[in-house]
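Notes for the one structure printed next.
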Protein chains: 2
Amino acid sequence: MATGRTHRPATRSRGIPEATVARLPLYLRALTALSERSVPTVSSEELAAAAGVNSAKLRKDFSYLGSYGTRGVGYDVEYLVYQISRELGLTQDWPVAIVGIGNLGAALANYGGFASRGFRVAALIDADPAMAGTPVAGIAVQHTDDLDRIISENGVSIGVITTPPGAAQQVCDRLVAAGVTSILNFAPTVLSVPDGVDVRKVDLSIELQILAFHEQRKAGEEAAADGRAPVDTDADEAPPMRATPTGRKGPDGDMPAVMPA
Amino acid sequence: MATGRTHRPATRSRGIPEATVARLPLYLRALTALSERSVPTVSSEELAAAAGVNSAKLRKDFSYLGSYGTRGVGYDVEYLVYQISRELGLTQDWPVAIVGIGNLGAALANYGGFASRGFRVAALIDADPAMAGTPVAGIAVQHTDDLDRIISENGVSIGVITTPPGAAQQVCDRLVAAGVTSILNFAPTVLSVPDGVDVRKVDLSIELQILAFHEQRKAGEEAAADGRAPVDTDADEAPPMRATPTGRKGPDGDMPAVMPA
DNA sequence: ATGTCTTTGTGAACGCGTGCACAAAGATGG
DNA sequence: CCATCTTTGTGCACGCGTTCACAAAGACAT
């Protein structure tokens, strides 16, 4: 019970936990699928299964948005699609600019999932002059020199960075200077941005490394279960000769032990 | 995060928290950069800044791996690179198969970050017979029919799915049946997998929607600060006529008037 | 109405992750 | 050897997120 106040969650984007926000798109996708199948209502149990989450969690998530369900029945699909869309800000148009039109940038430009929900690829930007004018996914690539103007003229507030890592921070700075306040970073770089700017990163190599960790652990457990010698996964087998703090070993010769105190 | 039912009630395995594992690749990247600059040691403060995290958090993370630092000095870069690499399982070779060679799949195949650390693109698989044999990133695409054999012969345990959403679950099932136990899913689908299989997803559209949410919130606050009428971000303005079950086609045509306001 | 049945919404407990703050450990200099 | 200085490693407290379990709300049948 929302403390008896109205069923309206008092303007609270503030009150919506980040973890919940991250799941809303998941619910929305499942609901959209139901909507296309003309399913009128859905229970928390069913929807949770479709979204791959716990039903109690789903109900709590929805409770942050308000009381949109009916006890004994479930949730009205269309109504919920609308409420979540509105909460996520998908009822308005979001022009997006992609900077760095290499393999990945081009792939994203062609990606259908973009236009589907409020997002529109408004500009493609690349530093290579040779690419200027070349159409990618039906949109002419523009040169980085015009980045500022392009962002302003199109009212872009969300930028996608798909440049090589070395250029990412610079591009980021320029985007922010031009007025972008949300960045989706595909470059394997830690971006630093001023307060008020949101950055989310998508990092293939990090994801793979996390999978490798679990994969290795599984292999080790399996070996142990087989009764064989477990994979040596944590002993200090042949470390690269833990460098003595003072004297560095061989190759680097007389590297002065620099290390700004 | 992983979507499947991969919930492990804290295996006694390694006491390394999931959150820490997710940051290790970040530290590793920063350390590798330092290593290339021949920096011998680094303090938790410096490294934390480079990785974009809190220094106390970094120290605690490292403490799960062991005591690899030297008080008063810091951490030996080379030694730490080795320890983290080993912990993540990057000292061994991980053959990876990419299924679905469209724009995105091809872009990933060409992505350099792959080979860099233990990962090797061992096979490209696509359902389109016309693509079979076509070289992408120097590797000939093979047909889905041979998926099982390809996975087995190459000892692939990590699969990357870049197919259209409709094919993702089926491809996933086949990968798992063939022996894959870790999946990186780029398709906008919730994959269900048996226990013991890890799934991580990369979802462009979800990331954008999360950014849109915050963007909308920022716009609302800004408007409020300007003294203008705040963006209506939560009132029940013009809902799609809450569940007016008016003539919903379907088996149950009668459709009671549910969902009162 | 009354009773039964279904499903929501949420109080409460728990566990994980984060950040502070500090003692311990080691380096360094006299 | 002792004093001082730097930086690690961690005990502790706090807050967020998850999950359980259940009372309340409403649908539906009689």
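Only this structure's heavy atoms are used, side chains among them; waters, hydrogens and symmetry mates stay out. Each chain gets a letter, A, B and so on, in the order the sequences are listed, and its residues count up from 1.
To the nearest angstrom, P of D:dA27 lies 13 Å from CG of A:D76. Per the geometry, CD1 belonging to B:I16 stands 15 Å off P belonging to C:dC16, to the nearest Å. The CZ-P distance, from B:R59 to C:dT18, rounds to 14 Å in whole Å. Regarding B:L58, its CG atom lies at a distance of 12 Å from the P atom of C:dT18, rounded to whole Å. The CG-P distance, from B:N54 to D:dG9, rounds to 15 Å in whole Å. Summarising the geometry, the separation between CG on B:L80 and C1' on D:dT8 is reported as 13 Å, rounded to the nearest angstrom. One atom, CG of A:D61, and another, C1' of C:dT8, lie 14 Å apart when rounded to the nearest Å. Distance, B:L47 CG to D:dT6 P: 20 Å, rounded to whole Å.
Put simply, A:R23 has a side-chain N or O that comes within less than 4.0 Å of OP1 or OP2 on D:dT18. Neither OP1 nor OP2 of C:dT7 sits under 4.0 Å from any side-chain N or O of A:S43. Put simply, A:S44 has a side-chain N or O that comes within less than 4.0 Å of OP1 or OP2 on C:dT8.
On a pure distance criterion of 3.5 Å, a polar donor-acceptor pair joins the side chain of A:R71 and the base of C:dT8. Judged by distance alone with a 3.5 Å cut-off, no donor-acceptor contact links the side chain of A:K60 to the base of D:dT18.
Across A:T181, A:V171, A:V197, a single residue satisfies side chain to side chain contact (heavy atoms under 4.5 Å, CB included) together with A:V176, and that is A:V197. The one candidate from A:T20, A:D61, A:T32 that meets the side-chain hydrogen bond (donor to acceptor under 3.5 Å, both in side chains) condition with A:Y27 is A:D61.
Ion pair B:R29/A:D203 flagged as a salt bridge, since at least one NZ, NE, NH1 or NH2 atom sits closer than 4.0 Å to an Asp/Glu carboxylate oxygen.
Within 4.0 Å of A:E18, counting heavy atoms only, lie sugar-phosphate atoms of the nucleic acid but no base atom. Using a 4.0 Å heavy-atom criterion, one finds that B:Y75 contacts the sugar-phosphate atoms exclusively.
Taking the side chain of B:S63 as heavy atoms from C-beta on, and the options C:dG17, D:dA27, D:dT10, the nearest nucleotide is D:dT10. Set against D:dG26, C:dG19, D:dT18, the side chain of A:K57 has D:dT18 as its closest nucleotide.
Shown here are the side chain to side chain donor-acceptor pair (under 3.5 Å) partners of B:Q170, two or more places apart in sequence or in another chain: there are none.
Residue A:A19 is the one, among A:G72 and A:A19, whose nearest nucleotide of DNA chain D lies closer to the 5' end (criterion: closest heavy atom).
B:L204 is listed as a side-chain neighbour of A:F186, based on a closest heavy-atom distance under 4.5 Å.
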